[in-house]
Amino acid sequence: MNYCSYCVQDAGEQRGLESAGPWPRTVEDLILVQKRIGQATSHLWTPAGRVFSAAGCFVCFSRGRVGAGRPGEAGWAAAALLRSGRIVAAATVCGTAQAAYEPGLLALREGLLLEEAVRRLPERPDLLLVNATGRDHPRGAGLAVHLGIRLALPTVGVTRNPLLASGEPPAEARGSLSPLFLGGTIVAYWLRTQRGKRPLVAHAAWQTDARTAASVLLALTTRWRTPEPLREARRLAREARSEKRGDG
DNA sequence: GCGACAG
DNA sequence: ATCTTGTCGC
């Protein structure tokens, strides 16, 4: 297990991100960026039967809060890399939330910390799982799409609920899917990863369509409802929070 | 106008 | 997201 870590001293200091520029810091700027991102497309990525590595990233904030949170509050992010069914690397960072949570503007709150955690992994994954929507978004630019563009990695979104898309729930068997529509297109699928458990939402994001998202998430889910890389990233972020650290 | 609305 | 309580299963 190779752990890397880095504490984000200031949201303004994003070493090595010159090509992508800084994250938007205001609602107006983020919305402008999202309008551009929502139009961007690129060739689809598929596992195509090959072995692929997958990382998950997750951010949590200080406990005891209620509601949408506040800008400036402490946050911990982690990324975990899975290859051949094993977690082989992970990274954690600590820093601050850039904004309160607001539907459609999640990137403002979580984007910087998540990107930093993924960049601290000792190697780049083939695919990144993000705890957010992708194309299911008012401007087609959910955080999973945004992170994919910034990191130049194929991404898949994983959420508990859709943001705007709607569709019927899936059947009970593991692997059952049902489409989630937004503006007449399938932007995500309900996916039953465990019989008897609530389905999760598999989101099309950067270089992925909804079908690929669902297929990949099913493959990354065996024993638990949540895909393994995401589950491990969540555990590590909460562990860092409980120890009030960001330095692995 | 009102409510809903990823985390 | 986080909190709380209760319940089921290993």
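Bear in mind that the values here come from a model prediction, so they are computed numbers and not experimental data. Proteins come first, then strands; the chains are lettered A, B, ... in the order of their sequence lines, and each starts at number 1.
Within the 4.0 angstrom heavy-atom criterion, only backbone atoms of the sugar-phosphate kind lie near R241(A); the bases stay farther away. Within 4.0 Å (heavy atoms only), R234(A) reaches no atom of the nucleic acid at all. Nucleic acid contact for A68(A): base, since at least one base atom lies under 4.0 Å from a heavy atom of the residue. L105(A) comes within contact range of at least one nucleobase, with a heavy-atom separation under 4.0 Å. Within 4.0 Å (heavy atoms only), Y101(A) reaches at least one base atom of the nucleic acid. Among the heavy atoms of the strands lying under 4.0 Å from H137(A) is at least one base atom, whether or not backbone atoms are also near. Across all strands shown, G69(A) has no heavy atoms under 4.0 Å from either base or sugar-phosphate atoms.
Atoms OG1 and CD1, on T26(A) and I31(A) in that order, are 8.5 Å from each other to the nearest 0.5 Å. One distance of note links CZ of R124(A) with CG of L81(A); it measures 11.5 Å at 0.5 Å rounding. F52(A) CZ to L220(A) CG: the interatomic distance, rounded to the nearest 0.5 Å, is 4.5 Å.
Among V156(A), V216(A), D209(A), the single residue meeting the side chain to side chain contact (heavy atoms under 4.5 Å, CB included) criterion with W45(A) is V216(A). Results of the side chain to side chain contact (heavy atoms under 4.5 Å, CB included) test with V187(A) over T133(A), L182(A), L163(A), V201(A) single out L182(A) as the only residue that passes.
With contacts defined as side-chain heavy-atom distances shorter than 4.5 Å, the pair V88(A)/S53(A) does not qualify. Looking at R139(A) and I37(A), their side chains never come closer than 4.5 Å, going by heavy atoms from C-beta outward. In this structure, T221(A) and R174(A) have side chains that are in contact, with non-hydrogen atoms separated by less than 4.5 Å. H43(A) places a side-chain heavy atom less than 4.5 Å from the side chain of Q207(A). The closest side-chain heavy-atom distance from R83(A) to E123(A) is below 4.5 Å. Under the 4.5 Å side-chain criterion, counting only non-hydrogen atoms from C-beta, C57(A) is not in contact with N131(A). L30(A) is listed as a side-chain neighbour of H146(A), based on a closest heavy-atom distance under 4.5 Å. By the 4.5 Å heavy-atom criterion applied to side chains, P199(A) and Y189(A) are not counted as neighbours.
Among residues two or more places apart in sequence or in another chain, the ring pair (Phe, Tyr, Trp, His ring centres under 6.0 Å) test is passed with Y101(A) by none.
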Writing each nucleotide of DNA chain B 5' to 3' as (, ), [, ], | or . by Watson-Crick or G-U pairing under 3.5 Å yields .......
Dot-bracket encoding per residue of DNA chain C, Watson-Crick/G-U cut-off under 3.5 Å, | denoting interstrand: ..........
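In summary, contact between chain A and DNA chain C, defined as any nucleotide atom under 4.0 Å from a heavy atom of the protein, begins and ends at dA1(C) to dC3(C) in the 5' to 3' direction. Between chain A and DNA chain B, the heavy-atom contact criterion of under 4.0 Å yields a 5' to 3' nucleotide range of dC5(B) to dG7(B).
A salt bridge links R109(A) with E73(A); the closest basic N to acidic carboxylate O contact falls under 4.0 Å. Between E232(A) and R235(A) a salt bridge is recorded (basic side-chain N to carboxylate O distance below 4.0 Å).
If you check residues 152-164 of chain A against DNA chain B, the residues with a heavy atom closer than 4.0 Å are T159(A), R160(A), N161(A), P162(A), L163(A), listed by number.
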